[in-house]
Amino acid sequence: MIDKTSTVQDAIKNNVNAGDNIFIGGFGHLIPFYLSHELIRQKILDLTICRSGADILFDQLIASEIVKKVIFGYVGNPTVGLSHSFSRAYKKKSIEIEEWTNQSIIMRLHAARMGVSFIPSKILQIGDKPSNISHLKQVTCPYTDHKFSAIPALKPDIALIHAQCADKYGNIQMWGIDGDTVEGALASDKIIVSVEKIISNSKIKEAPEKTVIPSHRVSNIIELPWGAYPSYVSGFYSRDDDHYIEYDTTSRDEDKLSSYLKNWVHDARNIQEYKKLIGSTKIKELEEGLCGVKNED
Amino acid sequence: MIDKTSTVQDAIKNNVNAGDNIFIGGFGHLIPFYLSHELIRQKILDLTICRSGADILFDQLIASEIVKKVIFGYVGNPTVGLSHSFSRAYKKKSIEIEEWTNQSIIMRLHAARMGVSFIPSKILQIGDKPSNISHLKQVTCPYTDHKFSAIPALKPDIALIHAQCADKYGNIQMWGIDGDTVEGALASDKIIVSVEKIISNSKIKEAPEKTVIPSHRVSNIIELPWGAYPSYVSGFYSRDDDHYIEYDTTSRDEDKLSSYLKNWVHDARNIQEYKKLIGSTKIKELEEGLCGVKNED
Amino acid sequence: MKIDYTEYSPNQRIAIIAASELVGYKSCFVGIGIPSDAACLAKLSVEPELNLIYESGAIGALPLSKSYSTGSPSIAHGADMITDSLSVFSDLQAGRIDVGLLSAAQIDKFGNLNSTVIGDYDEPKIRMVGSGGAHDIACLIPNLIVLMPHDPRRFVDTVDFATSPGSGRDIKKIRDQLNLPEGPSILITDKAKFIMSDEGWLLHSILDSFTFAQATEGLPWSLKPPISGPIETDPAIISALAQINY
Amino acid sequence: MKIDYTEYSPNQRIAIIAASELVGYKSCFVGIGIPSDAACLAKLSVEPELNLIYESGAIGALPLSKSYSTGSPSIAHGADMITDSLSVFSDLQAGRIDVGLLSAAQIDKFGNLNSTVIGDYDEPKIRMVGSGGAHDIACLIPNLIVLMPHDPRRFVDTVDFATSPGSGRDIKKIRDQLNLPEGPSILITDKAKFIMSDEGWLLHSILDSFTFAQATEGLPWSLKPPISGPIETDPAIISALAQINY
């Protein structure tokens with residue numbers, strides 16, 4: 001079997017092209033911050049980024065001016081407030097948006113993952129429809145004559161996700177909250193995965209139910225412990241709610257945000273630098289914090 | 001929370017009606033033999049039974065003349081041969097059949113599980129279509145103009161399944177091969193589950209990823225260790241291939257099959273009797289045999 | 001038992017009233033914030049059978065500490081089941097989840113909710129977070145309860161953008177044609193309970209300790225006197241309040 | 001290396017020839033029996049990258065002992081991943097699985113396969129097991145290899161029932177219109193390899209140790225001499241044979 005381990009630099013350089021449509025994993029849990037930051041460091045332009053519910057990682061990608069279009073159900077800083085860079089870019093019209101709902105984004109990914117160009121749904125038939133999806137078509141069930149919205153497939157070029165473990169061949173193990181991470185990855189043409197820990201194939205085979213993506217679908221694996229910070233990884237570390245709260249203040253101000261990005265993204269040339277920025281006190285606190293279900297090993 | 005544990009007699013009597021459409025779980029693995037045999041013991045008539053790939057449990061239900069209709073993708077004795085009772089009943093026209101394919105049955109259940117009356121698929125557009133599904137309709141994608149078959153939802157009245165563990169509230173834990181068991185259960189209006197072992201709710205919460213059906217969807221739980229014999233249960237016991245092989249000879253002959261059913265079904269008034277029939281030598285052998293992934297506890 | 005509701009914060013009062021409404025339900029689609037708090041409160045007191053379902057895929061948790069995201073560790077911790085969002089939204093669309101709780105930035109007379117933009121969609125004054133799962137819940141849940149702090153700026157005649165569709169005569173007719181459930185049927189503020197009618201929200205009842213004037217102050221809808229007496233709260237709900245770490 | 005193929009059983013010979021055809025593929029949809037044996041043999045010898053995918057949801061297993069069901073313990077044991085059948089069929093429909101291997105009771109000139117009935121559908125001589133996943137694989141897999149023991153009764157001009165659709169000029173035209181892959185392209189018996197053409201199966205090559213007469217004996221199609229020399233087998237395949245416990 002092929003060894004698919006890579007550096008974060010090579011994985012992004014060899015798999016992502018300017019203009020790509022990128023699904024970004026993580027639903028509160030397992031957000032691939034460090035892996036996705038590499039898109040910024042390599043300044044890969046004109047990207048479309050998509051997922052159902054997006055948080056501050058989307059804000060950072062938008063602020064870095066590498067995003068042309070956002071396809072989403074929600075973009076914000078959960079409980080804390082708005083995604084300020086998203087709001088600014090939207091008002092300046094420096095990004096295009098395609099606005100759906102969380103369920104419809106997930107059903108769009110599911111259609112692509114099932115290999116069909118649409119699936120019917122009961123949603124998006126009433127209420128105001130954003131102008132960019134006002135062309136949404138209906139379909140009639142040939143058996144019941146019921147009307148459904150026809151949710152079109154969304155097949156990203158590539159998915160970037162973070163998970164707990166993988167073997168070097170690319171069998172990916174994940175547990176805890178998934179959201180649309182696995183569905184989005186499996187809908188995509190290519191998949192790159194950063195993990196907390198690379199484990200042996202025999203360890204994988206001991207718990208095949210934990211494997212959510214099989215090796216033949218994965219392009220590259222990168223071991224990036226703490227790569228999901230400030231989100232969290234069940235069994236490894238908790239969420240840094242304070243980081244999210246402070247980010248609200250930071251991102252309201254474009255200058256403050258620039259130095260945040262210099263600090264946390266551009267200058268964090270490797271995962272050790274990123275860990276240094278988090279700091280040992282915080283690391284200890286988050287390792288001891290509530291973090292879902294512990295690794296059973 | 002409500003205690004949903006029950007006897008197998010009450011669970012079937014209180015939840016299944018004559019004429020019901022019953023999804024029966026188990027894909028090679030976790031076939032609910034003892035639980036489903038109760039349908040025979042209680043002589044609940046005019047049943048429709050459905051699943052994708054069915055093995056000798058379907059043969060037994062058909063032989064017992066409680067089945068009016070079979071909705072299926074496959075009915076046989078895998079590798080060993082045909083389902084003789086199914087073939088006889090089909091030729092005598094004592095059962096109706098609705099013949100699909102494994103994928104289309106699963107997509108039919110998936111449509112019901114997703115709450116839509118159909119989903120598009122690329123299959124069932126070429127090749128011979130059985131006369132009973134020759135009315136299958138097509139649907140055109142409103143975006144691509146591609147033609148798809150419209151796979152109609154299949155929403156069973158009730159699902160009977162077997163799993164490894166549950167708490168008394170009805171949170172069901174399962175691992176190993178699933179096939180369409182969980183999809184079929186979640187598509188159904190009611191769900192009855194037999195398990196190898198009832199465990200505490202706190203044990204459930206230690207591994208919430210193993211839970212495949214939440215308590216509020218489950219009508220009754222029955223502890224029936226060895227209830228999936230002669231199929232198998234990952235982590236508990238292996239498959240009795242010999243029983244399947246011998247069943248081929250038995251079921252070719254209606255008299256032999258009658259005494260098999262008397263012995264293994266009608267006279268096995270409780271799970272202890274069933275275990276006695278299996279016999280301690282065989283039990284030891286199957287407990288030690290290959291049986292997928294062991295229980296991690 | 002006479003309860004002085006002014007001792008509780010507006011959000012606590014909403015959670016208290018909402019908890020009463022959850023009696024008899026087995027499964028509840030909840031979002032983070034007041035909806036989650038209300039559902040926890042109900043489960044701890046008057047409806048122990050209630051299974052909390054988060055769109056992140058967590059089912060059966062009872063988060064008693066502050067959670068920021070529907071995917072937070074506190075939501076995963078203590079769950080009976082963690083599945084994926086597709087599964088939860090499938091259950092929702094199949095009518096397998098009994099009741100849902102929603103909040104929003106704006107609400108109008110017919111229960112349309114706005115979490116998308118203040119102002120024009122293409123040239124907004126404020127660009128907000130978008131629907132998330134709110135539109136989906138408002139379309140699909142058989143019983144929908146809306147929770148809104150009594151802030152008159154958030155109560156309008158017609159929302160700037162109907163992210164989550166409402167109810168009332170006209171919308172219900174379309175919902176019927178589409179085989180959708182009837183939409184929002186109850187609105188709870190920190191002072192009163194409203195119910196949906198063909199003509200829009202009707203004042204149903206007022207929380208003890210508050211007057212009609214307080215309960216309707218600044219609301220843009222012409223409101224008749226409440227059709228029912230004061231809201232009674234099961235003391236068990238009040239006792240359970242202490243367990244929730246707001 | 002000169003190999004005496006008559007030393008091997010017909011099923012072993014099919015597996016040997018089929019294994020050669022799997023070089024270059026990363027994922028293979030396999031059923032129980034000769035398909036599974038052939039895929040295991042390829043993985044053990046000439047294509048270690050090959051991921052075996054069973055419709056039961058098991059991925060990455062290498063079952064070396066006799067398995068009766070696609071859901072058997074031997075298939076689950078040693079898997080890298082166990083997912084559900086919906087997921088596997090979704091991958092299949094999305095074109096994410098490279099190659100499939102099928103067998104059947106009957107095959108015809110255009111690669112239509114029958115596993116449903118011998119005789120008339122409503123009044124059959126023999127009622128068989130039905131499609132299982134065979135129809136689905138035949139419709140959807142980008143590369144389809146058919147494995148059939150050389151039993152002339154199973155080779156017919158037109159199958160009694162086309163459970164799994166074939167290929168050739170007319171069917172391919174319909175497949176193109178429906179955006180389906182081209183269908184069966186290779187047929188392997190225990191004596192020869194055939195390839196699909198517009199006019200149906202063409203004899204491609206014969207296994208060393210067998211003659212043209214033997215390779216075509218009893219087949220109902222008018223067969224021209226093979227278009228290629230004898231089938232060469234990588235000795236690694238033969239060596240790996242011992243590891244499979246038939």
Side-chain angles (χ1 to χ4, degrees), chain A residues 29 103 106-108 110-123 125 133 135-155 164 173-178 182-183 202-212 234-235 292-297, chain B residues 29 103 106-108 110-123 125 133 135-155 164 173-178 182-183 202-212 234-235 292-297:
Chain A
H29 185 216
Q103 180 170 353
I106 291 165
M107 292 188 79
R108 292 192 64 190
H110 188 52
R113 189 258 180 291
M114 287 206 301
V116 290
S117 55
F118 78 101
I119 32 180
S121 174
K122 295 178 181 170
I123 59 169
Q125 298 186 98
I133 67 161
H135 63 281
L136 186 72
K137 300 237 162 73
Q138 271 195 328
V139 63
T140 303
C141 173
Y143 303 104
T144 63
D145 273 339
H146 289 169
K147 299 260 183 276
F148 291 96
S149 58
I151 307 289
L154 172 60
K155 188 159 82 108
Q164 277 96 346
Q173 296 200 326
M174 187 187 288
W175 61 91
I177 285 176
D178 161 6
V182 172
E183 198 67 29
S202 60
K203 213 81 183 116
I204 295 279
K205 287 184 191 293
E206 280 172 24
E209 294 84 9
K210 281 189 187 158
T211 307
V212 293
S234 263
V293 174
K294 296 280 179 190
N295 195 333
E296 285 162 15
D297 300 329
Chain B
H29 185 216
Q103 179 170 352
I106 292 165
M107 293 189 79
R108 293 191 64 190
H110 188 53
R113 189 258 179 291
M114 287 206 299
V116 291
S117 56
F118 79 101
I119 33 178
S121 173
K122 296 179 181 170
I123 58 170
Q125 298 187 100
I133 67 161
H135 62 281
L136 186 72
K137 300 235 162 71
Q138 270 195 331
V139 63
T140 302
C141 173
Y143 303 104
T144 63
D145 273 339
H146 289 169
K147 299 258 182 276
F148 291 97
S149 57
I151 307 290
L154 173 60
K155 189 160 80 109
Q164 278 95 346
Q173 296 201 327
M174 187 188 287
W175 61 92
I177 283 175
D178 160 6
V182 172
E183 198 67 30
S202 60
K203 212 79 185 120
I204 295 278
K205 287 184 190 294
E206 280 173 23
E209 295 84 8
K210 279 188 187 159
T211 308
V212 293
S234 264
V293 174
K294 294 280 178 191
N295 195 334
E296 284 161 18
D297 301 330

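Letters A, B, ... are given to chains in the order of the sequence lines, protein chains preceding strands, and every chain is numbered from 1.
In this structure, the side chain to side chain donor-acceptor pair (under 3.5 Å) partners of B:Lys147, at least two apart in sequence or on a different chain, are B:Thr140. Under the side chain to side chain donor-acceptor pair (under 3.5 Å) criterion, B:Arg108 pairs with B:Glu98, sequence neighbours left out.
Both the backbone and the side chain of B:Phe118 come within contact range of chain A, each with at least one heavy atom under 4.5 Å from a heavy atom of that chain. Residue A:Ile177: no heavy atom, backbone or side chain, is found under 4.5 Å from chain B. Contact of B:Val116 with chain A is made through backbone and side chain together, with heavy-atom distances under 4.5 Å. Looking at A:Ser117, both its backbone and its side chain come within 4.5 Å of chain B, counting heavy atoms on both sides.
Pairing each heavy atom of B:Lys122 with each of B:Phe148, the nearest pair is CG-CE2, 3.8 Å. Considering every non-hydrogen atom in both A:Ile106 and A:Glu183, the closest pair reads O-CG, 4.4 Å. Counting all heavy atoms, side chain and backbone alike, B:Trp175 lies closest to B:His29 at O-CE1, 3.1 Å.
Listed options A:Cys141, A:Gly176, A:Gly115 were ranked by heavy-atom pairs under 4.5 angstrom with chain B; first place goes to A:Cys141.
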